[in-house]
Amino acid sequence: AELAEASRPLLPDVERLLRHPLKDVRFWAIECIQQWAGPTNGHEIAAAVTLSGDPEEAIRWKAMEFLALASRDQLQ
């Protein structure tokens, strides 16, 4: 996520990391989607939002933070 726009081409690969067994991987995958996803990435955004029901508290928090910080374009 720290590489910003230079890493945007990796977005399709990040979506599958939302299902990774390690919570740290899921956490940072949400961060990447938050940084890189735009209005045409509805599938990736929806996948990140569904983690608001994750068993791990940190992942639920990150998913809720994603919703709180999401742009209008991302939410539409």
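Side chains are part of it too, since the values below use all heavy atoms of this structure and drop only hydrogens, waters and symmetry mates.
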Ignoring hydrogens, what is the shortest heavy-atom contact between Ser52 and Ala63? Give both atom names and the distance.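 In terms of heavy atoms, the two residues are closest at N-CB, 3.5 Å.
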Does Leu75 reach the side chain of Leu67, with side-chain heavy atoms less than 4.5 Å apart?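 Side chain of Leu75 against side chain of Leu67, heavy atoms only: contact under 4.5 Å found.
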Are the side chains of Leu69 and Glu65 in contact, using a 4.5 Å heavy-atom criterion?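 Heavy-atom side-chain distance check passes, below 4.5 Å.
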Run the side chain to side chain contact (heavy atoms under 4.5 Å, CB included) test against Leu11 and tell me which residues pass, sequence neighbours left out.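 Only Ile33, Trp36, Ala37, Asn41, Glu44 meet the side chain to side chain contact (heavy atoms under 4.5 Å, CB included) criterion with Leu11.
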Within the distance-only criterion (no hydrogens, no angle test), does the side chain of Arg60 pair as donor or acceptor with the backbone N or O of Asp54 below 3.5 angstrom?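 Flag set: sc Arg60 to bb Asp54 pair under 3.5 Å.
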Keeping Gln35 on the side-chain end and Cys32 on the backbone end, is there a donor-acceptor pair under 3.5 Å?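 Not a single qualifying donor-acceptor pair exists.
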Supply the atom-to-atom distance Trp61 CH2 to Glu56 CD, rounded to the nearest 0.5 angstrom.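 If I round to the nearest 0.5 Å, the distance is 14.5 Å.
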Extract all donor-acceptor atom pairs below 3.5 Å that involve side chains of residues 16-24 and protein atoms in other chains or at least two apart in sequence.
from  : atom 1 : to    : atom 2 : distance (Å)
Arg19 : NH1    : Glu15 : OE2    : 3.1
His20 : ND1    : Leu22 : N      : 3.0

Walk me through whether Gln34 and Lys62 qualify under side-chain contact (heavy atoms from CB on, under 4.5 Å). CA-CA 10 Å; Gln34 184 176 6; Lys62 190 65 174 172; 4.2 Å; yes
Between Met64 and Val49, is there a shared hydrophobic cluster once you connect ILVMFWY residues whose side-chain heavy atoms come closer than 4.5 Å?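 Yes, same cluster.
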Indicate if Phe27 and Val25 have the same hydrophobic cluster label, given that clusters are the connected sets of ILVMFWY residues with side-chain heavy-atom separations under 4.5 angstrom.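 No, Phe27 and Val25 fall in different hydrophobic clusters.
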